[in-house]
Amino acid sequence: MKKATQQQTKTHNTRLITKTIYDAGPISRAEIARLTHLTRTTVSDLVAELMEDGLVEEIGYGPSEGGKPPTLLSLVEDSRHLIGMDLANSQFRAAVVNLRGRIQHCLVRPVDDLDGQAALDLVYELADELVASTEGSRLLGIGIGTPGLMDARRGVVRRAVNLDWQDLPLGDLLEARYNLPIYIANDSQAAALAEYTFGASKDGSNLVVLKVGRGVGAGIVLGGQLHYGDGFGAGEIGHVTVVEDGQACRCGNRGCLETVTSSQFMIRRAQAIAQSDPHSSLHRFALAPEKITMETLLAAFEAGDPALGAVIDEVGHYLGVAAANLVGALNVRRIVIAGSVARFGPALLEPIVREMACRSLQTLAEETRVEISDLGPDIVILGAAALLLSHELGLS
Ligand SMILES: [Zn+2]
């Protein structure tokens, strides 16, 4: 028993030191001891083991404070690799990522109408290729961001409508096939963890990521941890009704937030504009209304199409309603907009902030910063990798 406790303490201290070097490096042993409140001997012993393991290296000397200049330590970011996968869009994206979230090898495969076993086979195909590509380097495991409702503890996809997965034990299947640690989260939750770990203004504060693409959902980080909710459905705001008797939604309900904010909604709106207005700038960028994609919308928007401005305003309005509810329920001070719809940037941000301000307590709204993520299309891959970093090395 005593031995087990000693081992636990050692693991805890090793993780603490690794995290300190990860967050604050290059850093001296003395500074680590000061920040972690561990003794200098403990720090020196554990650093020696981390160096032996290749995870940490000495990279030179810091400024002298009178005596001998201190040796600085840094994390070796390519000493371990992770595989991150994003299954949430019309393409599956998967990549090998290093410890700093730098993407080193990325694969993209169209999903088209694949679902059920065929979609699972595509996951295997991507993982097979990436695992093979990392031969010779140390692979920490596979992290996955999947759409739908997910039991993150057991690695079971409870329900993913688009992929026609129900109670799929994805974690067990992948673990048996690759003999590696597997971690899975919902795509919005993964996005939130990516923002927390790799985002531009990572300051350790609570945050909500509103991910708006084909699907719409929120990921919530509170106290440095993903908040999953009692049934792992925290942040499933995409299927809350916001329009009475609105459009039918793929979940079976009507007027969900997703039906008035998703990329599919914007594309349908743009198609209607192109069909009714022969002078619409959309015609310049798409051969026919049914060929309109998000790229077409972005091009037309950049060319200043006013009709598109109104669509973005409408989407921003409903996202602002959602943001106001999140501020009221959680009082987080940072809301980050991600996903393909976030590519409209300030034009989308403006109506969100406006609507949030007039629908929530002024003081709370004023203290809440709403911003656009700068992690781009790789956000879920990075979040899936961050999930692994957090579980396997205590980082993030
Ligand atoms: Zn719905």
Side-chain angles (χ1 to χ4, degrees), residues 86-91 111-116 119 145-152 156-168 184-192 208-220 227-272 294 297 311-330 335 337-342 344 348 351-352 355-356 359 379-380:
D86 174 4
L87 313 182
N89 289 300
S90 48
Q91 304 169 320
V111 181
D112 299 322
D113 294 324
L114 295 183
D115 57 18
T146 169
L149 206 52
M150 186 58 224
D151 180 338
V156 173
V157 183
R158 292 174 63 189
R159 184 164 142 83
V161 180
N162 277 356
L163 300 173
D164 192 23
W165 286 348
Q166 182 127 18
D167 295 322
L168 178 78
I184 310 179
N186 158 286
D187 62 309
S188 301
Q189 293 166 346
V208 170
V209 168
L210 255 173
K211 184 165 176 282
V212 194
R214 252 164 86 95
V216 176
I220 303 160
H227 177 69
Y228 289 110
D230 289 343
F232 295 94
E236 276 292 335
I237 57 168
H239 296 288
V240 171
T241 304
V242 292
V243 183
E244 289 299 329
D245 298 319
Q247 280 246 354
C249 179
R250 62 194 170 95
C251 73
N253 220 330
R254 284 191 166 273
C256 299
L257 181 64
E258 190 173 296
T259 63
V260 285
T261 54
S262 70
S263 55
Q264 304 309 105
F265 164 78
M266 295 190 81
I267 288 169
R268 274 199 311 276
R269 267 293 152 91
Q271 285 169 337
M294 281 300 271
L297 264 72
V311 179
I312 294 166
D313 226 45
E314 189 179 356
V315 168
H317 165 87
Y318 284 111
L319 292 177
V321 174
N325 282 306
L326 288 164
V327 167
L330 299 168
I335 296 179
I337 314 294
S340 58
V341 172
F344 292 100
L348 178 72
I352 295 177
E355 212 57 42
M356 182 188 80
R359 285 172 183 265
I379 188 165
V380 174

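Order of listing sets the numbers, starting from 1, for every ligand and every atom in it.
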For the Zn ion (ligand 1), how many protein N, O or S atoms come closer than 2.8 Å?
4

Sub-3.5 Å donor-acceptor pair from the side chain of [X] to the main-chain atoms of [Y], do we have one?
| X | Y | answer |
| --- | --- | --- |
| N186 | P147 | no |
| W165 | G116 | yes |
| D86 | A88 | yes |

Taking everything shown except R158 itself, do over 12 heavy atoms lie less than 6.0 Å from its CZ?
no

Reported CD1-to-CZ distance for the pair I312 and R269, which is rounded to 0.5 angstrom
13.0 Å

Under the side chain to side chain donor-acceptor pair (under 3.5 Å) rule, what pairs show up with a residue in residues 253-266, not counting sequence neighbours?
H239-E258, R250-E258

